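Remember, predicted model here, so these are calculated numbers, not experimental data.
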Amino acid sequence: MIGLEQYTEEDWNEQRAVYLGMCMKVDEQFGRIIRALKESGRYDNAAIFFFSDHGDYTGDYDLPEKNQNAFSNDLVNVPLLIKPPKGVPIDPGVSDSLAELVDFYATAMDFAGVSPGHTHFGHSLRPILADRSAALREYVFCEGGRNAGETHCDEYHNAHKHGENVNGEYWPRQKAMSDDAGHCKGTMIFDGRYKLVYRAHGN
């Protein structure tokens, strides 16, 4: 974005309102799917998952959107809602158990009765659905950013392969991503209380 340092709180409130409006649109479209499942008689037998790949700053730290190698809670603590098929034991409510998005994959395969023929690192969340106090993971992990030279992983080189568009709204953000050190690979481990972040360049 251009000129963020000049944003007033009213400007940020407008951006937050746009973000929330986009979320509302997703909610409405999701509601249409739920209504269609109910009207067709498929709702009870459906496994429904609702989640996001990441959160958004929406003005926190005077920043919009996200950063691929930052791991603050507003980016990595995202909702994961599950409605299992009828007959699956459930303990409805909110669980504090740690989960990773790869657990969605394992849970969907579990509901489908599929045994993967390849190595993966997800855990089925079915035990937590049956008992929200259950815990499957002692730690969760996250990674983002890129290694030096992996220009195919940043937004700058992809967007400007035919030359820089310095007047583009996203040019400052994309240009910042061309810096190997600033956009270096980062990893996170979190145990529910403490979080350790390591970056390849040590920043």
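Scanning for salt bridge (charged side-chain N to carboxylate O under 4.0 Å, His left out) contacts around E138 gives an empty result, with sequence neighbours left out. V102 pairs by the side-chain contact (heavy atoms from CB on, under 4.5 Å) definition with E100, R137, not counting sequence neighbours. Under the side-chain hydrogen bond (donor to acceptor under 3.5 Å, both in side chains) criterion, S72 pairs with D74, not counting sequence neighbours. With sequence neighbours excluded, the residues forming a side-chain contact (heavy atoms from CB on, under 4.5 Å) with D179 are A181, listed by chain and number. Evaluation of the side-chain contact (heavy atoms from CB on, under 4.5 Å) rule for A47 yields F49, P85, F111 as partners, not counting sequence neighbours. Qualifying side-chain contact (heavy atoms from CB on, under 4.5 Å) partners for K38, counting only residues two or more places apart in sequence or in other chains: I34, Y43. Looking at residues two or more places apart in sequence or on another chain, you find no ring-ring contact (aromatic ring centres under 6.0 Å, His included) involving Y19. Residues forming a side-chain hydrogen bond (donor to acceptor under 3.5 Å, both in side chains) with D180 (at least two apart in sequence, or on another chain): R146. Under the rule for a ring-ring contact (aromatic ring centres under 6.0 Å, His included), F141 has no partner lying at least two apart in sequence or in another chain. Judged as a ring-ring contact (aromatic ring centres under 6.0 Å, His included), and not counting sequence neighbours, the contacts of F50 are F30.
Counting only distance, with no hydrogens or angles, the side chain of D103 and the backbone of H123 share a donor-acceptor pair below 3.5 Å. Counting only distance, with no hydrogens or angles, the side chain of D154 and the backbone of S178 share no donor-acceptor pair below 3.5 Å. Of the possible polar contacts, none joining the K175 side chain to the E164 backbone as a donor-acceptor pair under 3.5 Å is found.
Scanning both residues, S95 and I128, for their nearest heavy atoms gives OG-CG2, 3.5 Å. Across all their heavy atoms, L101 and F51 have their closest contact at CD2-CD1, 3.9 Å. Closest heavy-atom contact between A135 and S97: CA-OG, 3.7 Å.
Within a 6.0 Å radius of CD in E14, no more than 12 heavy atoms belonging to other residues, nucleotides or ligands are found. Within 6.0 Å of atom CG in D53, more than 12 heavy atoms from other residues, nucleotides or ligands are found, so the atom counts as buried in its surroundings.
In this structure, the separation between CG on L80 and OG on S52 is 10.5 Å, given to the nearest 0.5 Å. Rounding to the nearest 0.5 angstrom, the gap separating the OG1 atom in T151 from the NE2 atom in H157 is 5.0 Å. Rounded to the nearest 0.5 Å, atoms CG (N67) and NE2 (H54) are 11.0 Å apart. Rounded to the nearest 0.5 angstrom, I90 CD1 and I82 CD1 are separated by 11.5 Å. Within the model, atoms SG of C184 and CG of N69 stand 5.5 Å from one another, a figure rounded to the nearest 0.5 Å. To the nearest 0.5 Å, atoms CG (L125) and OG1 (T107) are separated by 3.5 Å.
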Residue pair R42, N45: steps toward the side-chain hydrogen bond (donor to acceptor under 3.5 Å, both in side chains) verdict = CA-CA 6 Å; R42 295 182 172 91; N45 291 327; over 6 Å; no
Kindly determine whether D191 and L196 satisfy side-chain contact (heavy atoms from CB on, under 4.5 Å), including the steps that lead there.
-> CA-CA 9 Å; D191 69 355; L196 174 67; over 6 Å; no
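A salt bridge does not link K66 with D56: none of the charged nitrogens is closer than 4.0 Å to a carboxylate oxygen. Salt bridge annotation for E150-K185: absent, with no cationic side-chain nitrogen under 4.0 angstrom from a carboxylate oxygen. Salt-bridge check for R16 with E9: passed, with a basic side-chain N closer than 4.0 Å to an acidic carboxylate O.
With respect to E155, the side chain to side chain donor-acceptor pair (under 3.5 Å) criterion is satisfied by exactly one of Q174, H183, Q68: Q68.
For residues 55-77, every residue pair satisfying the ring pair (Phe, Tyr, Trp, His ring centres under 6.0 Å) rule, not counting sequence neighbours, is listed here: Y57-Y61.
For the pair P127/L136, a side-chain contact is recorded, criterion being any heavy-atom separation below 4.5 Å from C-beta on.
As a member of the Ile/Leu/Val/Met/Phe/Trp/Tyr network built from side-chain separations under 4.5 Å, M22 groups with V18.
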